[in-house]
Amino acid sequence: MAGRVDLDGNPIKQITICMIGAGGFIGSHLCEKLLSETPHKVLAVDVYSDKIKHLLEPATVTWADRIQFHRINIKNDSRLEGLIKMADLTINLAAICTPADYNTRPLDTIYSNFIDALPVVKYCSENGKRLIHFSTCEVYGKTIGAFLPKDSPLRQDPAYYVLKEDTSPCIFGPIEKQRWSYACAKQLIERLVYAEGAENGLEFTIVRPFNWIGPRMDFIPGIDGPSEGVPRVLACFSNNLLRREPLKLVDGGESQRTFIYIKDAIEAVLLMIENPARANGHIFNVGNPNNEVTVRQLAEMMTKVYSKVSGESSIETPTIDVSSKEFYGEGYDDSDKRIPDMTIINRQLGWNPKTSLWDLLESTLTYQHRTYAEAVKQAMSKTTAN
C-alpha cells in the first residue's frame, strides 16, 4: 500500500469513507477491495452485516482498526449526520433495486430511492463532504430505437440505442406502468445531487451500474431471502438451475442486457474514490458493452455454464415462456436494450472492463453452487416431505 499514487502521479492520502449500504452485494465487494488494497478507513452503515461478516470477525484481522460497523436504518436515525461529518467521503449504495418490487411496492420503492436519500445529499452538501451516489442504468428507460417501426433500419444505428450520460434522454412509460417508479425516483435524486453541485458546490460523482454480477449478488429465495421473493434475472435463473426447474423467460426473453463482473466494476469505483479531481461533477456509466445478450441467450449460456460447474446434466425443458403480467403482476413494463457508452469513464479514468460473460457466469455460478446447492436440496426435501 505504501507509495500508492493516483492517475496524475500524486500520492494517495488515507481517507475515511462513510459507506451506506456496506452490507449489500456491491458494498461487501467494495469493502473487501478498500481493506485489502488501500489504507482507507470504512464506516460501514447498514441494517444487515451478513455479507461483510468475514471482514468484521475475528478482531485479529489486519484491517480490524480500519472498519467499524454501524447498524443504522437511514430512514430514522439521527446518528447518520455524525458519521457523514466524521468521514471525508460518503458513498450511498442504499436502495430497493429489485424489479419485482417496482410495481408491487411502488411507494416503498419511491421512498427508499428518493426520500431516504435526501438527508444523505443534504448532510454532504451542508458539511462540505464529497458524495459518490449510486444510481442505475434504469434512469435511461427505453431507447429511442424502441419507438421506431420494427422493420426500420435505424434500429441498428447505435445513435438510437447506445446510452450516453450527457446526451441520451430518459424515456419512461406511462404513470400506470408502475415499474418506472424506481427509475423515476432515481432520476430525480440524480437531478437533486446535480443541482446541489451547481448551486451549493457539492462535490459529487454519480455511478450508473449496468447489471453488476458476481458472488453474493441478490438472494436465493427461501435460502438467504424470502421464499416468496423474486430477485433479479441472474439470481432468478440461478435459483431455477439449483432447483432443476425450467428458467422462466418473461415475454419471450427478448430484452437485451449487458453484464459486468463485480470485480471489474469495483476497480472503476476505486478509481473514482482516489481520483476526485477527475471524477467530481461527472456521471459514469459502469458496464461492459462487449457482454451483450438477450435474456433468452443468457438463459441458454447459464444452463451450459451450470452443467459445467455442477457436473449435472441439463433438464429436459430448460426454459419456459411466461408473460410479464403473470411473472411481475399488473403494471409491469420493460426497457428494450441497455448498452452503455463508455467514452466518459474511459476519458476521465482510463478504465475498461476485462471479464467475458462466460467467465463472470462461471465465477458466479461456481460460488452459488458451492454455497447454496446443499441448502436448496434440503429445502426441497422438506417441502416434498410436507
Side-chain angles (χ1 to χ4, degrees), residues 19-27 45-47 72-77 80 84 90-125 131-143 163 165-166 168-199 202 204-212 218 229-233 255 257 282-287 324 328-336 338 340:
M19 192 186 305
I20 301 165
F25 164 55
I26 295 172
V45 176
D46 211 319
V47 181
I72 287 177
N73 185 331
I74 64 166
K75 284 179 192 294
N76 48 22
D77 201 304
L80 182 63
I84 288 173
T90 293
I91 300 176
N92 190 9
L93 291 153
I96 285 179
C97 51
T98 307
D101 292 328
Y102 304 160
N103 54 302
T104 55
R105 296 169 57 205
L107 286 175
D108 282 346
T109 299
I110 292 164
Y111 272 76
S112 166
N113 293 294
F114 180 68
I115 304 294
D116 296 349
L118 283 174
V120 178
V121 181
K122 179 170 167 275
Y123 297 151
C124 287
S125 186
L131 171 67
I132 295 181
H133 181 80
F134 270 70
S135 185
T136 171
C137 58
E138 291 244 351
V139 295
Y140 291 109
K142 295 171 181 275
T143 65
L163 303 169
E165 301 96 325
D166 52 352
S168 293
C170 303
I171 308 171
F172 304 146
I175 300 298
E176 65 184 32
K177 299 290 188 185
Q178 294 198 105
R179 186 252 199 278
W180 300 108
S181 58
Y182 173 67
C184 201
K186 280 292 200 181
Q187 188 207 128
L188 189 53
I189 199 72
E190 275 199 30
R191 291 190 185 277
L192 184 103
V193 169
Y194 199 92
E196 281 286 357
E199 288 192 34
L202 172 68
F204 72 87
T205 302
I206 292 170
V207 185
R208 290 180 180 164
F210 281 70
N211 300 301
W212 295 11
D218 254 2
V230 180
R232 285 166 290 191
V233 63
S255 294
R257 297 287 182 268
H282 286 285
I283 300 171
F284 292 121
N285 289 339
V286 181
S324 53
Y328 287 118
E330 201 70 58
Y332 190 75
D333 198 10
D334 207 355
S335 51
D336 51 318
R338 287 197 207 137

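Evaluation of the side chain to side chain contact (heavy atoms under 4.5 Å, CB included) rule for C184 yields F172 as partners, not counting sequence neighbours.
Between the side chain of T109 and the backbone N or O of R105 there is at least one donor-acceptor pair closer than 3.5 Å. Not one N or O on the side chain of N113 forms a donor-acceptor pair closer than 3.5 Å with the backbone of A95. Without hydrogens or angle criteria, S181 side chain to Q178 main chain gives a donor-acceptor distance under 3.5 Å.
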Q) Hey, mind stepping through F134 and N92 against side-chain contact (heavy atoms from CB on, under 4.5 Å) and telling me if it holds? A) CA-CA 6 Å; F134 270 70; N92 190 9; over 6 Å; no
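Looking at I132 and F204, their side chains never come closer than 4.5 Å, going by heavy atoms from C-beta outward. For the pair F210/R338, a side-chain contact is recorded, criterion being any heavy-atom separation below 4.5 Å from C-beta on. The side-chain heavy atoms of L202 and V193, taken from C-beta on, include a pair separated by under 4.5 Å. Considering only heavy atoms from C-beta on, T90 comes within 4.5 Å of V120 through its side chain.
A salt bridge is absent between R191 and E196; no separation between the charged side-chain nitrogens and carboxylate oxygens falls under 4.0 Å. Comment: R208 engages E190 in a salt bridge, judged by a side-chain N to carboxylate O separation of less than 4.0 angstrom.
Side-chain N/O atoms of Y140 and N285 include a donor and acceptor closer than 3.5 Å.
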